Visitor: 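Quick one: the structure is below, questions incoming.
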Amino acid sequence: MRATVMYGAGDVRVENLPDPTVQAPTDAVVRVVRACVCGSDLHPYHSMPASAQGRPMGHEFVGVVEEVGAEVSRIARGDFVIAPFAWFDNTCEFCREGLTTSCLHGGFFSETQAEAVRVPLADGTLVTAPVGEDSALLPSLLTLSDVLITGHHAAVTAGVNARTSVTVIGDGAVGLLAVMAAKRLGAERIILMGRHQARTDLGREFGATDVVAARGDEGIATVLELTGGQGTHTVLECVGHMPAYEQAVGTVRAGGVISRVGVPQYEEAPVGFASLFGRNITLTGGPGAQRSYIEELLPDVLEGRIEPGRVFDRTVGLDETPEGYRAMDRREALKVLVRP
């Protein structure tokens, strides 16, 4: 099969790799109908050391089940399925508590920008959808693999509701869909911090009431001015770099919540008296591939109440995936959809 492999910073290729097969009785093999490039894929695109063997790429996809193992009972050949960016059994103690990304037997996908994918623990992982391969809903369904459920996770873990004001940091796909998620949960004041107007215009359509283009101290000052000097009850940090975290600390209201869902590119951050402790700030977030989110949001997508697929502004064939990386890296595309 054709699949995307990264050999180092800026070096993405599409090559022939062995076809995936059922290796365990709980596996399924899924033919990929749509995949995409994620903003988090740009982290290794910027920094991965050169490698002779390369690293398969991708963690978002929807597709059609082609083969199932002997113990798979809930998923069948021919089913159209959505795969979150992690796999899990959906039965262990963490899964039963709703934290499927901490499944005792699970893991994370890293090879889905390809023609097919082996899915471990298929019954626990895959969610079926009543659509065909030519459905106009495919881009929106694909967001349920990562960016929509991640933005939703940010809003849920922050406790966003009709009584909370929200700052969203980052105008990438996750940030924009965090705006959508916050609006869906009832937030009436949503400040989007981003500096790319085409993106922030879409953020306004998704529910942002204010846009702050400035960064750093200037951006913090602007948010404080908009909120009477207090900041917002919740801050959804959707970038993953230290300056974004610092903006979150600067814009959150005393007693508020910072939820980080941008993959952190740092291990140390201010958490002391002046930053979090003294103001009773809660820090939360993490990977958002919880199966329950897909099941909750899927009806809204199918019935057209939300259209998260609007974050895709470029489509490429699988062999053009390297160009998709370049376009996102150059900010020429918000999010690239890959069509095998």
Side-chain angles (χ1 to χ4, degrees), residues 30-39 58-65 74-75 78-88 90 98 100-101 109 112 117 119 124-157 160-161 168 172-187 190 199 202-208 236 238 261 287-315 334-340:
V30 176
R31 175 171 51 84
V32 176
V33 173
R34 297 291 188 275
C36 54
V37 181
C38 185
H59 54 266
E60 303 158 278
F61 73 103
V62 296
V64 175
V65 177
R74 197 182 58 81
I75 301 296
D79 284 348
F80 186 93
V81 291
I82 302 161
F85 61 86
W87 73 81
F88 32 76
N90 208 32
T100 48
T101 51
F109 287 107
T112 67
V117 175
V119 179
T125 301
L126 297 172
V127 177
T128 59
V131 301
E133 295 183 43
D134 58 350
S135 172
L137 293 174
L138 293 187
S140 288
L141 294 171
L142 180 56
T143 68
L144 290 169
S145 186
D146 183 351
V147 286
L148 177 56
I149 57 176
T150 296
H152 182 68
H153 184 62
V156 168
T157 55
V160 171
N161 57 48
V168 175
V174 172
L176 296 181
L177 294 182
V179 170
M180 176 181 283
K183 178 69 173 179
R184 180 180 174 276
L185 291 173
I190 305 172
R199 301 181 180 193
L202 183 57
R204 287 187 184 276
E205 294 181 39
F206 284 168
L236 314 184
C238 303
V261 295
Q290 317 309 333
R291 181 191 170 100
S292 60
Y293 293 160
I294 300 177
E295 295 169 338
E296 174 186 350
L297 296 165
L298 179 58
D300 281 3
V301 172
L302 292 174
E303 296 168 22
R305 288 189 289 270
I306 56 176
E307 194 178 351
R310 294 176 65 194
V311 296
F312 291 106
D313 57 353
R314 184 172 300 192
T315 299
L334 166 58
K335 189 164 179 66
V336 172
L337 187 148
V338 177
R339 185 172 186 164

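What you see is a predicted model, and the numbers here were worked out from it, not measured in a lab. By convention here, the first residue in the shown sequence is residue 1.
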Visitor: Tell me the closest heavy-atom pair linking L236 and A178, and the distance in Å.
Guide: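 Looks like CD1-CB, 4.0 Å.
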Visitor: Per the side chain to side chain contact (heavy atoms under 4.5 Å, CB included) rule, which among V64, V30, V127 passes with F80?
Guide: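 Answer after filtering V64, V30, V127: V64.
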Visitor: If a pair satisfies salt bridge (Lys or Arg N to Asp or Glu O under 4.0 Å) and one of its residues is in residues 146-156, list it, with sequence neighbours excluded.
Guide: none
Visitor: Describe, in one word, how the ring planes of Y293 and H153 are oriented to each other, choosing from parallel (under 30°), tilted (30 to 60°) and perpendicular (over 60°).
Guide: tilted
Visitor: If I compare all heavy atoms of C238 with all of V261, which pair ends up nearest, and what's the gap?
Guide: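 Minimum heavy-atom separation between C238 and V261: SG-CG2, 3.9 Å.
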Visitor: Locate the shortest heavy-atom distance separating K335 from A173; write the atom from each residue and the value.
Guide: CD-CB, 3.7 Å
Visitor: Cut-off 3.5 Å, side chains only: do E60 and T112 have a donor facing an acceptor?
Guide: no
Visitor: Should D313 and L202 be marked as a side-chain contact (heavy atoms from CB on, under 4.5 Å) after you check the CA-CA gap, both sets of side-chain angles, and the distance that decides it?
Guide: CA-CA 11 Å; D313 57 353; L202 183 57; over 6 Å; no
Visitor: Counting C-beta onward and ignoring hydrogens, is there a side-chain heavy-atom pair between V301 and P308 closer than 4.5 Å?
Guide: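 When only atoms from C-beta onward are counted, P308 and V301 do touch, with a gap below 4.5 Å.
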Visitor: Return the minimal non-hydrogen interatomic distance between S145 and F61, and the atom names on each side.
Guide: OG-N, 3.2 Å
Visitor: Could you note down all residue pairs passing salt bridge (Lys or Arg N to Asp or Glu O under 4.0 Å) where residues 172-186 supplies at least one of them, sequence neighbours left out?
Guide: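 Residue pairs with at least one partner in residues 172-186: R184-E296, R184-D300.
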Visitor: Donor-acceptor check, side chain of T100 to backbone of R291, threshold 3.5 angstrom: yes or no?
Guide: yes
